[in-house]
Amino acid sequence: MTLESLDIPASVANREHTAVAAELMALAHQRIDAYLNSSEPTIHNFVPCDFELVDQTLGWLTQNHLLTGPNFCELGSGFGVTTLLASLHGMNAVGIEREPTLVTQANTLAGHLFPDSPFYCGSFIPRGIDDILELASEVEHVSTEEDDIYEEIGIASEEFDLFFAFPWPGEAHFFESVFQSIASNGACLLTYEGREGMKLVRKLDS
Ligand SMILES: C[S@@+](CC[C@H](N)C(=O)[O-])C[C@H]1O[C@@H](n2cnc3c(N)ncnc32)[C@H](O)[C@@H]1O
């Protein structure tokens, strides 16, 4: 089992946002700023990604038919912005987030535009991943608690065509290992890696 790296052209950064995506991202920035400056208890593992770049990359991925199907899952969805952007790109998108406060924020943001909020509160780590204890020792900013959340969602992890995550520095390997364990061959993992930008890999069986 291997991961094939797929090049994302630098020209994705020139893609236009739709008016509705621009409105969603502007609202999300306002709400996130208000939340981070409020007296709510800090959730140290929450940092928002570059939504503009993610929106452009999702547009490139979907328009070029690079995915095996429409099912999208955000692993640790925070305010849910990427999940909602994926919906705007026509994907059947869900977000999984373990912090109830953030799920509430994501539901509120979704309520503005999306009648059926696609957010689930729990851990994206399913039961029975080989070597999870060893993998857990590699990460500080991800909960490695196991959960049955995919049963609640009603879509098995093997049915998702694209996963998205924003790993903390040095923790991308953990997400690749989990992805290799839970996804089907042909599925893709898109990660936002800060200054290194977006990274895309596809799972292959050889
Ligand atoms: C770096 S933030 C990224 C948030 C969002 N994906 C974004 O790009 O704006 C990572 C999020 O993952 C959540 N998280 C960490 N471990 C998790 C787990 N096992 N299951 C679900 N969410 C998790 C954290 O609470 C945090 O909100």
Side-chain angles (χ1 to χ4, degrees), residues 21 24-36 40-58 72-89 91 93-110 117-129 132-133 135-153 155 157 160 162-179 181-183 189-200:
L24 172 68
M25 291 187 285
L27 186 62
H29 285 303
Q30 278 174 21
R31 298 254 174 101
I32 291 170
D33 286 349
Y35 170 76
L36 293 176
E40 293 254 10
T42 307
I43 297 171
H44 294 285
N45 288 343
F46 170 67
V47 180
C49 69
D50 180 341
F51 304 131
E52 284 72 14
L53 183 58
V54 172
D55 183 50
Q56 290 163 321
T57 308
L58 289 173
F72 170 97
C73 182
E74 183 171 10
L75 304 174
S77 46
F79 264 65
V81 185
T82 297
T83 300
L84 298 178
L85 290 170
S87 296
L88 292 178
H89 285 289
M91 302 202 74
V94 299
I96 304 172
E97 169 58 55
R98 70 184 298 275
E99 296 288 348
T101 308
L102 295 177
V103 176
T104 301
Q105 292 283 356
N107 283 330
T108 308
L109 189 65
S117 188
F119 298 105
Y120 293 83
C121 192
S123 174
F124 60 75
I125 310 277
R127 297 181 202 286
I129 292 190
I132 189 67
L133 288 178
L135 288 171
S137 67
E138 296 178 6
V139 288
E140 273 181 48
H141 301 284
V142 187
S143 162
T144 54
E145 182 188 349
E146 299 176 350
D147 202 351
D148 299 313
I149 200 75
Y150 298 96
E151 285 171 26
E152 190 184 324
I153 294 171
I155 303 175
S157 66
F160 285 102
L162 177 64
F163 290 87
F164 171 78
F166 174 16
W168 281 68
E171 299 191 351
H173 175 254
F174 174 82
F175 283 89
E176 290 186 350
S177 300
V178 170
F179 168 70
S181 292
I182 70 174
L189 170 68
L190 179 68
T191 46
Y192 171 69
E193 303 201 7
R195 270 184 288 179
E196 288 168 39
M198 308 296 303
K199 183 173 171 192
L200 180 66

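One is the number of the first residue; the rest follow in order along the sequence. In listed order, ligands and their atoms are each counted from 1.
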**Q** Counting C-beta onward and ignoring hydrogens, is there a side-chain heavy-atom pair between Val139 and Thr144 closer than 4.5 Å?
**A** yes
**Q** Could you list the donor-acceptor pairs under 3.5 angstrom formed between side-chain atoms of residues 41-49 and any protein atom two or more places apart in sequence or on another chain?
**A**
unit_1, atom_1, unit_2, atom_2, d
Asn45, OD1, His141, ND1, 3.3
Asn45, ND2, His141, O, 3.2

**Q** Note every protein N or O atom lying under 3.5 Å from an N or O atom of ligand 1, pairing the names and giving the distance.
**A**
unit_1, atom_1, unit_2, atom_2, d
ligand 1, 6 (N), Glu74, OE2, 2.7
ligand 1, 6 (N), Gly76, O, 2.7
ligand 1, 9 (O), Cys49, N, 3.2
ligand 1, 16 (N), Ser143, N, 3.0
ligand 1, 19 (N), Ser123, OG, 3.0
ligand 1, 19 (N), Ser143, O, 2.7
ligand 1, 20 (N), Phe124, N, 3.1
ligand 1, 22 (N), Arg98, N, 3.3
ligand 1, 25 (O), Glu97, OE2, 2.7
ligand 1, 27 (O), Glu97, OE1, 2.7
ligand 1, 27 (O), Glu97, OE2, 3.4

**Q** Are side-chain heavy atoms of Thr57 and Tyr192 found at a separation under 4.5 Å?
**A** no
**Q** Aromatic contact between Phe163 and Phe124, with the criterion being ring centroids under 6.0 Å apart: yes or no?
**A** no
**Q** Side chains of Leu53 and Gln56: does their closest heavy-atom pair fall under 4.5 Å?
**A** yes
**Q** Measure the shortest side-chain to side-chain distance between Thr101 and Tyr35 over non-hydrogen atoms and say whether it is less than 4.5 angstrom.
**A** yes
